[in-house]
Each structure stands twice: as C-alpha cells, then as structure tokens.
2 protein chains.
Amino acid sequence: MIEIEKSSLMTKVTITDVANEVGISKTTVSRYLNGQYNRININTQHAIQEAIDALGYVPNQQARSLKLKESHLIGLVIADMANTYSSHLISGIQNVFRQQGYSLMIFDSANIVEQEKHALNQLLAANVDGLILQPLVKNSDQYQFLSERNVPVVLVDRQTEPQIWPSVTSDNFNASKNMAKILLDKQYKQVIFLDSHGENPWTNQLRYDGIASITSRSDMDLTYVQVEMADFTPLAAVLDAHHGPAPVIFAANGELLLKCLSWLKSQQIAVPTDVAVTGYDDSTLGDLITPGITGVVQNPQVLGETTANSILNHIKQKSKIVDQIEIPSQIIERASC
Amino acid sequence: MIEIEKSSLMTKVTITDVANEVGISKTTVSRYLNGQYNRININTQHAIQEAIDALGYVPNQQARSLKLKESHLIGLVIADMANTYSSHLISGIQNVFRQQGYSLMIFDSANIVEQEKHALNQLLAANVDGLILQPLVKNSDQYQFLSERNVPVVLVDRQTEPQIWPSVTSDNFNASKNMAKILLDKQYKQVIFLDSHGENPWTNQLRYDGIASITSRSDMDLTYVQVEMADFTPLAAVLDAHHGPAPVIFAANGELLLKCLSWLKSQQIAVPTDVAVTGYDDSTLGDLITPGITGVVQNPQVLGETTANSILNHIKQKSKIVDQIEIPSQIIERASC
DNA sequence: CTGAAAGCGCTTACAG
DNA sequence: CTGAAAGCGCTTACAG
C-alpha cells in the first residue's frame, strides 16, 4: 500500500505526481494518457489508472498543446451576442465541436470594431487552431494580419471583399429574390425595402439586390426606406405619399420586421389589407403574432454546424481552398402578405 | 539595418525570435511585454517594439499561463445554448470579462448530464481560473469533484442542494409571489400552474411555491398541470372541468407561455375573457403578441454581469464566501390577464 | 539596465 | 516494456 498524497487539495496534481505515486517515470504515464496501451504492461496500466483516480488527476491541456503545437481550441468572434441568431449559431457550432473534441472560445465584438480587433488578438494569443469570424467590416484589409499569422479562418454569416477567406453564409440574394417572385405572384405593385441604420449593411445590400433583380424586370416598384431606432417617420412619409393598392413592406431583418408590425399596429394600419408586411424573420414566433408572418427564415443552427465542419476541414486537411458555402433559407407563407 | 526574418509565414514567431531580431536576451523582451519599462533602456524599448511590429509577434498565452499558473480563462457550461436566455446571459458575462482581460470558454451541456460532465472536465483540463455553471442536477454531490479540484465555481440561474457554492439566480420565489398578489388583486379565483416536463424542475418548483405562498392564504385555488411537448390535452381537461369565472394560467417559462397562447388561439379560447394568461416571459415580444402579455420578465444580462463579477471576486480575493445573490425580475402588466 | 538559467507540465526521439 | 533528457514559449529570482 502506497501512502496517499495529502497535497491534492493544496495544489494541482501533475503527471509527475501520478508517476511518483505509482513509482514509475512520467514517460510511461504520458504514454498511458495517450492510449499507447500496447507499449505498457497491463499491471502498470492498472496502477496508473488507480493513481489517477486516487489523485483526481486531469492532464493540463495547456502544457500539452505547448508541446504539441495544437490547442484543439477554436475561437469565435460574434458580432452581437445578445441575439437569437447568435445563440443558434453557437449551438450548431458546439454540436460539431463536442464530437470532434474541440473547445470553443467566444468573444463578443458587440458591433464595435475595436472590440473585434481586441478579440482576435486575444484569440491569437490563446493559440487557437482556427478562427471563426462574423466580420464587422466589409473590407478584407481589416483582417489582413490574420493571414500573416497563418491561422485558418472561416467567415460566417458575412463575406468580406475581396473574398480571400472561406465563408458560410445564408443565401441572402437568392432567398430575397424568391420572396420577390412570390410578391410578384401576389400582384403587389410596390415593394418598400425597410432597412435600419447600423445593421450589417452589406448583407442587407444583398437582400435588396435580390429583390431588385425581380422588380427591375417587372412592373413592381421598389422603394428604399431607412429608419433609425424606433423612429418610423420616414416610413410614414412613404406610406402617406402612396396611392393605389396596398404596398408590401420587406423588412431587412427580424427585429425591424417586429418593430414595424408594432408600429403599424400603433398607427392602426391594418396588415395585410392596408399594408402588407414580409421580410427576414428571426423570431421563430411567426405563428403567434397576429397576423402570422410571411417571411424568410434562416437556419443559423445549420450555419453553425457547417461552419464548424468547414474550419475543422481547413485545420486538418490544411486545405487552402477558399470555398463559399451558402445555406438555403426557407420561405414561410402566412397571413401578413 | 538588420535583415528581416523570412520565417514569419512558416512558423509562429516567439519571444526568442524577437530577442534575436533586436540582438538582446528574451529576459528583456519579456520584461518589456510585462510593462516593466523602468527597467529597460528607452532605446531598447523602441527596438523591441519595432521588432514586434515587424515580425507580427503575439505572445503565447498558453506558455505564459503555464509558468504563471493562471490562465485568465473562465469556463462556462450553459444548460441550453439554443435559448434567448443564454445569449443574453453570455452577453452580460462578456461585458465584464472584456474589461477585466478575461476570456470565456463555453460549453453547451444541451440538457444532457453526461455532456455537462464532459464539459466540466474539458474546462478543468483547459486550466480555467474559474467556472460558471448552470447546473443540470440539483444534488451538489454531482459536482463534488469540482471542490476537490479547488477551482472557484459560481452557479448561475440555478442553485444546487446543499448550497455549497456561491450562486446568482433570479428571484424566482419572490417574483412569482408578487405576480400572485397581482392575480389576487385582479380577483382571479383559480390559478393553473402550467409546467412542462423536462424544464429545470427545481426552478419551476420555486415559482410554484411563490404562487402557493399567496394562494394558500387566500380564496384562490391553485392547480398544477404538466404538459409534454406541444400536447395540451392535460390543460384542455382542466379547462373543460372548470366552472365559474375565467381562470388564469401561469406558465412556468416563456416557451410554454407562447405555446399556450398559440394553443388557446387554435382552440378559439379568448384571452383574457375566457381564460387569462400570465407567467414567465422570455420573448421580449410581449408587446407584439395580441393580447400583450402580462408576465414576469427576467434580466439575464444583469445576471450575467453579476455572475462574472462574482467569479472574478472569488478568483482574486480567494474568498470562500458562499454568497447567494438574487437578481430581481420585473413584472410587466399588459392585456393577457 | 541586462542576461543565464531554471522551471511551469507536458511529449517523444532515442536508447536500452 | 521502460526511462532520461530535451524542448515547447514563456517568467523571474539571482547575479552582475
């Protein structure tokens, strides 16, 4: 019977402690930890496992990755954590990482460019094996220092220009285009594209372009309206000036869609009879709101899973392929338009 | 003019590279990195900074924390990532960590106990300075191995029994009690507590108890109903058997509240005239749904910030105080009851 | 103001 | 089947 170390409460137990407990070298313990069982006497193996259990030993990954030069850590910089989209995206990423033995380090850039920069630097310092970024800036130059660092990067949700990194995004252009086709079918004559200041402008541009690709070769009008915060005055102006059959508002994002509906209600404008409404819907509540929302629904969970697989591929295969993956969105038809 | 290292693209640059570039020892570079400027010649300082910029050097935190025995890493195990609550909680945590120079490692236990165990072990292996846990199991024994590891732990959202760890939770009992008082004022005679299987049962117990603390000394009846998934048959049964004035349903969580509203609509049961509805509301859409939802609204962002400060305190002060912090919720009154 | 050397907790090529 | 030793990228007590 070997005497039990009392020190386990005082300080973290290391591989040396385990080796001493068993009375062998740490080389052998390390081999055991790394599953090289065929190189170790079966009795030694048992003794090692006993010591590990008795001491409550957990290998120090930091030391391990210092030696191995891989951390099994992936960094994520998300543009706005306080967002339903973010939580589903992360959930999807985690699903994949868990199975593959990778851990996630998260930073929230909170839509502030310097916080994003800080986050990326923290992540580099943390020695991540790869980086997932929902970029705040459209120009790739902003992230040039990442390529110098030679760390695999996958962009998610948004692509930068020029396209020098792989990305996983929603099919913004196509989904919007498909929605516009439906609006055309429904005989709407005017589409009001409702945008808000500060929302990732170049994604919204894609959505606008998707709609424009249909309206431009039909008899539908397309009007661009931008509102700030909860001030819908610009929209009111457009609506006031409007004549003819009910126009349809296409809200560029879910929050805006909801706020718009709320504002219309407050103005006692009936949906969809006076004004129809559609757009991007993040709420997952489209059914509960009256009237039910017709809109484009993204799939952030699948986006997350795909992104996770993509970064893992780039890490493991060391592939330099700059693949642009688009995840299709769904169009749900309900009563709002 | 010193010749420029070409290797920066091939391999990560280390403190030794910087030292060599300048032609000094890494001791001095390290001192510079750690801000001990008064110990270094000003010209040397400039030379070091130049080399750092030229080489794109980022210090390796893993090596640093191996030596220093502190990682500035905090682990978070969240019960269900795909949840609005989670994203706001994390957002709050990040707000604090960013300012304090800590990084967040996140795992999603996805309501699966063995995934939670796995996550905790990964986090220990990652050498986190502290652990934030939204526990899946009520019994503290489940997490006993953490105290042996001597790592600071703060529980969030839920407390375990016996209370051996500090925690930051919502005021579940009190908020529910206050809501019950309002229901009493509004002259409701029957409260139906609507619960769903699998939702953190001991938090819901607190909510139930809060309501019971009022109903038990009034003439209000309190009925407990549990539904599974989207099957509201048990609720239908209770409603069918009901006589007298409209009862009020108290939904134990936001998802349930929304589903319940949806189901009532499908059954053409009018809210609040036939049946009134209230409960915990996570949706932040209480205003948009018709009728507006009267309910208890939590503040996960503040919960997150408080939790982050708490774990940081425990790490820095090495305090062993098992403080139980309760964050007050708000009650919003609208039309649903 | 500066540096050589030891050591943090691991892994592995080399040797036996 | 096992171990001594070197080294991953840092920091710091000690010495000058």
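Lettering follows sequence order; numbering is per chain, from 1.
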Distances for protein N or O near nucleotides 13-16 of chain C N or O, under 3.5 Å:
| from | atom 1 | to | atom 2 | distance (Å) |
| --- | --- | --- | --- | --- |
| C:dA13 | N6 | A:Arg31 | NH2 | 3.4 |

Distance in angstrom units between A:Ile48 CD1 and D:dT2 C1', rounded: 11 Å
Sugar-phosphate only, base, or nothing, as touched by B:Asn127 at under 4.0 Å among non-hydrogen atoms: nothing
B:Asn34 vs D:dT11: side-chain N/O to OP1/OP2 distance below 4.0 Å: yes
Donor on one side chain, acceptor on other, A:Lys12 and B:Asn127, under 3.5 Å: yes
Sugar-phosphate, base or nothing in reach of B:Ser30, heavy atoms under 4.0 Å: base
Euclidean distance for C1', C:dT12 against C:dG16 (whole angstrom): 16 Å
Touch class at under 4.0 angstrom, heavy-atom based, for B:Tyr57 against every strand present: sugar-phosphate
Under 4.0 angstrom between A:Thr44 side-chain N/O and D:dT2 OP1 or OP2: yes
Nucleotide nearest B:Leu68 (side chain, heavy atoms from C-beta), chosen from C:dC8, D:dT11, C:dT11: D:dT11
Pairs where residues 105-114 of chain A contributes a residue and the test side chain to side chain donor-acceptor pair (under 3.5 Å) is met, not counting sequence neighbours: none
Check: A:Asn139 side chain, A:Gln142 main-chain N or O, donor-acceptor pair, under 3.5 Å: no
Short side-chain to backbone donor-acceptor contact, B:Asn20 and B:Asp17, under 3.5 Å: no
Contact check, side chains of A:Arg64 and A:Pro59, non-hydrogen atoms, under 4.5 Å: no
Whole angstrom value for the distance that separates C1' of D:dG9 from CG of A:Leu124: 16 Å
A:Tyr102 and A:His72 aromatic ring geometry - parallel, tilted or perpendicular at 30°/60° bounds: parallel
Protein-nucleotide distance (B:Asn60, atom CG; C:dG9, atom P), rounded to Å: 16 Å
Among C:dG9, D:dT2, D:dT11, the one nearest A:Thr28 by side-chain distance: D:dT2
Sidechain-backbone polar pair: A:Asp129 side chain, A:Glu70 backbone, donor-acceptor under 3.5 Å: no
For atom CD of B:Gln62 and atom P of D:dG7, their distance in whole Å: 21 Å
Sugar-phosphate, base or nothing in reach of B:Asn43, heavy atoms under 4.0 Å: nothing
Under 4.0 angstrom between B:Lys69 side-chain N/O and C:dG9 OP1 or OP2: yes
Any B:Ser25 side-chain nitrogen or oxygen under 4.0 Å from OP1 or OP2 of C:dT2: no
First encountered from the 5' end of DNA chain D, between B:Gln36 and B:Ala63: B:Ala63
For B:Lys67, side-chain contact (heavy atoms from CB on, under 4.5 Å) partners two or more places apart: none
Distance, nearest 0.5 Å, that separates CG of A:Asp80 from CG of A:Asn83: 5.0 Å
B:Leu33 CG - D:dC10 P separation (whole Å): 8 Å
side-chain contact (heavy atoms from CB on, under 4.5 Å) partners for A:His118, two or more places apart: A:Gln122, B:Arg98
Dot-bracket encoding per residue of DNA chain D, Watson-Crick/G-U cut-off under 3.5 Å, | denoting interstrand: |||.||||||||.|||
Touch class at under 4.0 angstrom, heavy-atom based, for A:Tyr32 against every strand present: nothing
side-chain contact (heavy atoms from CB on, under 4.5 Å) involving B:Gln99 - partner list, sequence neighbours excluded: none
Sugar-phosphate, base or nothing in reach of B:Ser65, heavy atoms under 4.0 Å: nothing
Whole angstrom value for the distance that separates P of D:dT11 from NZ of B:Lys67: 10 Å
Spacing of A:Leu66 atom CG relative to D:dG7 atom C1', expressed in whole Å: 9 Å
For atom CD of A:Gln61 and atom C1' of C:dC10, their distance in whole Å: 10 Å
